[in-house]
Amino acid sequence: MSRISLKIVGASGQGINSIGAIIAKGLKRSGYCVFGYREYPSLIKGGHASYQLDVSNESICSTETKVNVLVALNHHGLELNMEDLKRGGIVLHVTPGWQFPEHHRTLISELNLRVIYFPVDDILNRLGARAILSNVLLTAFVWSMLDQDIDVIKSLVGEKFAKKKALLELNMRCIDEGYSFADLEQGAISVALPPPDKGFANHLLITGSQAMGLGAIHAGVRLYAGYPMTPSSPLLSFIAELENKTHMVVKQAEDEITAAQIVSGAMYMGTRALTATSGVGFDLMSETLSLNAMIENPTVFVLAQRPGPATGLPTWTAQSGLLQATNCSAGEFTRCVIAVSNSQDSFDLMPVAFNLAEQYQISVIVLTDKQIAEALYTQHPYDPERAEIDRGRLVVDPEKLKLLKSSDRFDPHAKGGVSLRWLPGSDTATYCAQGDEHNSVGAVDESSLNTRLQMEKRLRKFDGLKARLPAPHLSIGGRSVKTSDWIDLSDEIELLAIGWGSTGEVFQDVMCSDELRGRKIAYLHYTYLWPLRTEELRRLAMRSKRIVLVEQNYQGQLGMLIRMECGLDIRDKILKYDGRPFFYDELLSSVIDRCGSTSENETNPPGFDYAGASS
């Protein structure tokens, strides 16, 4: 896989994102797959931030730790990010008279780095342009370094200022100046990109939050209520931006409790509604989630994970909410937990979540994380005909409504624990929906027999749901393997990795690397995390020399659920919990290390209670 990485660094609010977004869009139109990754502190303005683009002519969905080009918009970027460069990399900065400290001069020499000072203030003064246009100058110069057609960047800027001719003319002059700039010491410098694949030109350039928002619209969501909380806020913002086009009701509630209550009320009345939150905001919603379990009201909650506890690291990423989602709220009841892993299933899984919620009359919790929510994906156009809406046992036919009895609503003997459901205001029998334990018509009943029957009814849904959920997805050597072929695998697997969420895309890139080409490495990816299917894992474990768990949390939370469900104790773990995602090169290094060493797995009963190195 051939990839080039570009990193723009500076202070929040300095235009880092605008430079990255224009370059990303231009490269995508030129036929490249672009993956964008942002880092920024939890400050409105200031602090140190970065926007990194990884570029290839093949599909990539991961970020490297080292880059080919570093664009520093202030001196802090030079102080903090010089070590991020690859050998032969380029440093582009705008700080006049900057003197590199001795350790950076040594680094420049050892890595053969090329340093370019871009006199942005001098050029702006010559053009009579304001400082805000410095980003256009820098973008144009970087575009020339990438040997890309100037007309592409002019077209992008022209689209933005088409109705402002005076600004358009000045922007075009800035593009010409930036594109033609040549450093007197370094001369012309170019960064060699691989040959383009024009197929990417027609793809979307989209964040995970935008993909999820489109998926919600596709699922038939007509109301969104939420309270801003990073990293769930981009989903609220995106849906709100489309409010006039979709005519969806969008409500910014005063807190997470209110948002959850609004959505629950809307779903109870038959309107598909959605809320999203992060961290402790989900704790506030959990009481409403428990109420929905008691009244068997279908609901969907999006939990955008970030490191915690408390405020934690609001603008960073983690996979630390799995146990929270599977065990939240009071009492025992059936719920479903799904995790998206990229921009494709951020779209695809929203209709699935709502269908499951209505089919089983349960709450479905959709996990995402900051990495997915804000990452920039090069996405194949979605298929708008792919999803179906299934309202489950919702009765709307007038003739059938007349036949209903009040006791049908919470009938403890309903098949699979799923009763008939009808909407308030329907011309039919009435029932009561309340948080106390109740009988079949919803009246309070705390008797021993009724309590047992209603508890068994609500939890009977669990077995039906578990039997219906798809198996985890298996890839071997980067190639998908059909579920039906799992049992027929004849070769022993050298390394079986298990993960979920945003980890999956990075591991897929790792398996496609030249270093691991031809190795018998398998990756088992869990999308449906609760109820948890383990039969396929048990069988694969029997033919795997070594098994490793890959997660972005300290405890290895999926591993804990696996052990609880089937007894498989995966002691070899690749865990990360510093607020950063797995980077392509660091995960590749960890996998190579494990492929080159001998595990104790080989001398223990296959698949169960064996030891391995922890890291």
query = More than 12 non-hydrogen atoms from neighbouring residues, nucleotides or ligands closer than 6.0 Å to NZ on Lys466, yes or no?
reply = yes

key: The single option from Arg421, Lys457, Arg409 passing side chain to side chain donor-acceptor pair (under 3.5 Å) against Glu296   = Lys457

inquiry  = Tell me whether the count of non-hydrogen atoms from other residues, nucleotides or ligands lying under 6.0 Å of CG in Asn244 goes above 12.
reply    = no

request  = Using the side-chain hydrogen bond (donor to acceptor under 3.5 Å, both in side chains) rule, take Thr277 and Ser232 through it: C-alpha gap first, then chi angles, then the decisive distance, then the call.
outcome  = CA-CA 5 Å; Thr277 187; Ser232 68; 5.0 Å; no

key: Thr288 and Gln261 side chains, donor-acceptor separation under 3.5 Å   = yes

task = Tell me, please, which residues at least two apart from Arg29 pass side-chain hydrogen bond (donor to acceptor under 3.5 Å, both in side chains).
result = Glu159

task = For the pair His525 and Tyr523, name the ring-plane relationship: parallel under 30°, tilted 30 to 60°, perpendicular over 60°.
result = tilted

request  = Any chance you could measure Asn553, atom CG, to Lys573, atom NZ, to the nearest 0.5 Å?
outcome  = 10.5 Å

query = Within 45° of the six-membered ring axis of Trp316 and under 6.0 Å from that ring's centre, is NZ or CZ of Arg306 located there?
reply = no

inquiry  = Nearest 0.5 angstrom please: Arg222 CZ to Ile217 CD1, how far?
reply    = 8.5 Å

ask   = Take atom CD in Glu565; do more than 12 heavy atoms of anything else shown fall under 6.0 Å from it?
value = yes

task = Would you please say whether a donor-acceptor pair under 3.5 Å links the side chains of Asp283 and Ser286?
result = no

query = Is atom CG of Asp383 surrounded by more than 12 heavy atoms (other residues, nucleotides or ligands) closer than 6.0 Å?
reply = yes

task = Determine whether the side chains of Gln379 and Ser343 contain a donor N or O and an acceptor N or O closer than 3.5 Å.
result = yes

ask   = Are the side chain of Arg391 and the backbone of Gly270 linked by a donor-acceptor contact shorter than 3.5 Å?
value = yes

query = Rounded to the nearest 0.5 Å, how far does NE2 of His380 lie from CG of Leu204?
reply = 9.0 Å

query = Between Gly556 and Leu575, what is the shortest heavy-atom contact and its length?
reply = CA-CD2, 4.0 Å

key: Inter-residue atom distance Leu289.CG - Ser264.OG, 0.5 Å rounding   = 8.0 Å

remark   = dist Trp500:CH2 -> Ile338:CD1 (nearest 0.5 Å) comes out at 13.0 Å

ask   = So, Gln508 versus Ser475: side-chain donor-acceptor pair below 3.5 Å or not?
value = yes

ask   = Could you give the distance from CD1 (Ile574) to CD (Glu551), rounded to the nearest 0.5 Å?
value = 11.5 Å

request  = Kindly state each residue pair satisfying ring pair (Phe, Tyr, Trp, His ring centres under 6.0 Å) with at least one member in residues 398-424, sequence neighbours excluded.
outcome  = Phe410-Tyr431, Phe410-His438, Trp422-Tyr431

request  = Identify the heavy atoms of Ala414 and Val418 that sit nearest to each other, and give their distance.
outcome  = CB-O, 3.5 Å

request  = Return yes if a side-chain donor-acceptor contact under 3.5 Å exists between Ser42 and Thr315, otherwise no.
outcome  = no

message = Please check if the number of heavy atoms outside Lys251 that lie under 6.0 Å from its NZ is greater than 12.
response = no

Polar contact flag, side-chain donor to acceptor under 3.5 angstrom, Lys576-Thr503 = no

ask   = Of all residues at least two apart in sequence or in a different chain, which pass the side-chain hydrogen bond (donor to acceptor under 3.5 Å, both in side chains) check with Glu374?
value = Tyr40

